[in-house]
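Notes follow once the structure below has been shown.
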Amino acid sequence: MLISKHPILSAIPFAIDTPNPYFVRLPKITLSEVVTFMEDEANSPSSDWTEILDKVLQDQHNCPFEIQPKGSLPFWRLRVLEWSSCPRSFILVFIFHHSLMDTKSALSFHDELEGYMAQYTGIEPSDTVYSPSDALIPPLESLYTLPVSQEFLQSQEKYSEPSPDSWTAAPQFTPVKTHFSSLWLSEVDTRALIALSKKEQVSITATLQVLIATCIFSVLPSKYHTLQGDCAVSLRKFLPEPVTASTLGCYVGSLSTTYRRKPSFDWNEARRTKVAIEHAMAQKGGDMPVGYLAFIRNQHHWMLQKLGRNRMSSFELSNVGASSTLRGGMNFEIESMLFSQSSSACSAAIKVSAVTGRDGRLALGFTWQEGAIEAGMIEEVQRALKGEVEILAVSG
């Protein structure tokens, strides 16, 4: 039903090694080729299922989508983790290529799938699903003009080496092997963090951005005094129909904020971050890196020239917010949620992906490229972050 409703699920990128790539529609999708059930007899969700999930996600991040000779496989897949000891619980992993959709889309995908499962009558479905004939929804740049000032254009065209006191990890390189680790906050700590942020008149995104910067500084040598943090933002509110909050597509921008070393977490820094986010959103997508892409004549050359250079950003935060509230009365209901993104050769050294599930727990997915940062660094950052949140929760 989802495939029939959303044409993008039947689209794959084509001619990606040319200046003019485009999408090709698959005539049909074979479900048994994209949905895999994985049963683990030795473990159950009552044991430490987060370790099992972390391993599955890391493995999936390192299985890239590839264009097949006959173009038969879509650029998404599902993995279902089951336990014979807990037949009423399972973990659904939705893996998709970022060219198809953003994480707001993934939230919609899960919500719609949950609704369709509630309607399921037990009829054996066909393994073959024929693609809808509906046209693809236009991409961001075809729906909306992203304003780019001359000053921003010049700043993007000129490469400026980061200052020596700015930590940006190892220079950009290939190949990319992604490592993944999750950090789950308790419902109590999540609630306290949200309440404190509201009390201090900042968004949870601004709070997380500063918390991450503070904790990275705490594990870095004292010679590093600045960090560049990127923050992903949704541009859907500026887009015309047919794009809505539940449309499957990729409609995101980003902004960067510079942080200086502080002895501890600082609410004033969170307020400064909130102002920076509000200023960027007031530009309605203007002067964002996504808007600069249209000015790049040869993207392959543009990407290749980045290799060997220092990264501009230390970390990137993508906070997709909270999933919808509990519905009640369904055969299956979404409980917890976790979100992650692959690491990249040319991007921030550490990516942090945040989502709050219906169970009220904030989950943070950390990804990094093997060889880009010191071994054990993420574990130290996560330990520091958990400690900072607990201190804030107690103080609140």
Side-chain angles (χ1 to χ4, degrees), residues 102-104 107 183-218 225-238 245 252-288 313-325 337 339 341 348 350-358 360-366 381-382 384-396:
D102 53 27
T103 314
K104 284 284 186 186
L107 282 182
L183 173 65
W184 296 75
L185 302 185
S186 69
E187 182 183 0
V188 171
D189 286 347
T190 301
R191 196 163 53 238
L193 198 62
I194 293 171
L196 274 171
S197 298
K198 187 175 182 180
K199 178 183 175 183
E200 297 290 339
Q201 299 183 317
V202 297
S203 64
I204 191 70
T205 298
T207 301
L208 286 172
Q209 193 90 347
V210 177
L211 275 170
I212 293 165
T214 302
C215 295
I216 292 176
F217 272 127
S218 74
H225 298 286
T226 60
L227 293 174
Q228 190 78 13
D230 291 346
C231 180
V233 292
S234 174
L235 300 177
R236 290 173 183 251
K237 64 190 295 184
F238 308 123
V252 290
S254 63
L255 65 137
S256 291
T257 307
T258 301
Y259 296 94
R260 298 199 65 80
R261 185 185 284 271
K262 299 275 186 178
S264 61
F265 175 80
D266 188 338
W267 283 112
N268 287 327
E269 280 292 272
R271 280 185 278 272
R272 182 175 70 89
T273 302
K274 180 199 174 192
V275 170
I277 295 172
E278 288 176 343
H279 175 75
M281 295 305 288
Q283 307 304 309
K284 299 182 177 180
D287 285 351
M288 286 187 178
S313 298
S314 317
F315 70 92
E316 172 191 310
L317 171 66
S318 297
N319 179 23
V320 75
S323 56
S324 55
T325 56
M337 295 204 80
F339 156 40
Q341 299 184 79
I350 300 169
K351 291 187 178 181
V352 185
S353 306
V355 63
T356 303
R358 293 189 190 157
R361 299 177 69 191
L362 173 62
L364 301 168
F366 288 75
V381 171
Q382 289 179 337
L385 183 54
K386 191 172 186 296
E388 286 282 351
V389 171
E390 288 172 354
I391 290 169
L392 287 173
V394 170
S395 70

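Only heavy atoms go into these numbers, but all of them, side chains included; no hydrogens, no water, no symmetry mates. What you see is a predicted model; the values in this text were computed from it and never measured.
Between the CG atom of Leu227 and the OG1 atom of Thr258 there is a distance of 9.0 Å, given to the nearest 0.5 Å. Residue Leu208 holds its CG atom at 8.0 Å from CG of Leu185, rounded to the nearest 0.5 Å. Distance check: Ile216 CD1 to Leu385 CG gives 9.5 Å after rounding to the nearest 0.5 Å. Taking CG of Asp287 as the reference point, atom NE2 of His279 lies at 8.0 Å (rounded to 0.5 Å). In this structure, the separation between OG on Ser353 and CG on Leu317 is 8.0 Å, given to the nearest 0.5 Å.
Considering all non-hydrogen atoms of both residues, Met288 and Gly253 come closest at SD-CA, 3.7 Å. Smallest separation of non-hydrogen atoms from Glu388 and Cys215: CG-SG, 3.8 Å. Taking all atoms of both residues into account, the shortest heavy-atom contact from Ala245 to Arg236 is O-NH1, 3.5 Å. Closest non-hydrogen pair, Ala354 versus Leu364, comes out as CB-CD2, 3.5 Å.
Ser314 places a side-chain N or O within 3.5 Å of a backbone atom of Gln228 that can act as its donor or acceptor partner. Thr190 places a side-chain N or O within donor-acceptor distance of the main-chain N or O of Leu362, the cut-off being under 3.5 Å. At distances below 3.5 Å, at least one donor-acceptor pair connects side-chain atoms of Arg261 with backbone N or O atoms of Phe217.
Side chains of Val381 and Phe315 form no contact here, defined as non-hydrogen atoms less than 4.5 Å apart. Using a 4.5 Å heavy-atom threshold, the side chains of Trp267 and Leu392 count as touching. Looking only at side-chain heavy atoms (C-beta outward), Leu196 and Thr207 stay at 4.5 Å or farther from each other. Residues Thr356 and Ile204 are not in side-chain contact: their nearest non-hydrogen atoms beyond the backbone lie 4.5 Å or more apart. Put simply, the side chain of Glu390 reaches to within 4.5 Å of the side chain of Asp189, judged on heavy atoms. Contact of the Met337 side chain with the Leu107 side chain is registered, since non-hydrogen atoms from C-beta on lie closer than 4.5 Å. Between Arg271 and Glu200 there is a side-chain heavy-atom pair separated by less than 4.5 Å. Within the 4.5 Å cutoff, no side-chain heavy atoms of Lys262 are placed close to those of Val210.
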What do the steps show when you test Cys231 against Thr205 for side-chain contact (heavy atoms from CB on, under 4.5 Å), and what is the final call? CA-CA 9 Å; Cys231 180; Thr205 298; 3.7 Å; yes

The test is side-chain contact (heavy atoms from CB on, under 4.5 Å); show your working for Tyr259 and Arg272 and say whether it passes. CA-CA 10 Å; Tyr259 296 94; Arg272 182 175 70 89; 3.6 Å; yes

Start with the C-alpha distance between Gln209 and Thr257, add both sets of side-chain angles, then the distance that settles side-chain hydrogen bond (donor to acceptor under 3.5 Å, both in side chains), and finish with yes or no. CA-CA 9 Å; Gln209 193 90 347; Thr257 307; 5.0 Å; no

With side-chain contact (heavy atoms from CB on, under 4.5 Å) as the test, would you mind laying out the steps for Leu193 and Leu211 before giving the verdict? CA-CA 11 Å; Leu193 198 62; Leu211 275 170; 4.1 Å; yes

Given side-chain contact (heavy atoms from CB on, under 4.5 Å), test Arg191 with Val188 step by step and report yes or no. CA-CA 5 Å; Arg191 196 163 53 238; Val188 171; 4.0 Å; yes

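For the salt bridge (charged side-chain N to carboxylate O under 4.0 Å, His left out) test, residues two or more places apart in sequence or in another chain that qualify with Lys274 are Glu278.
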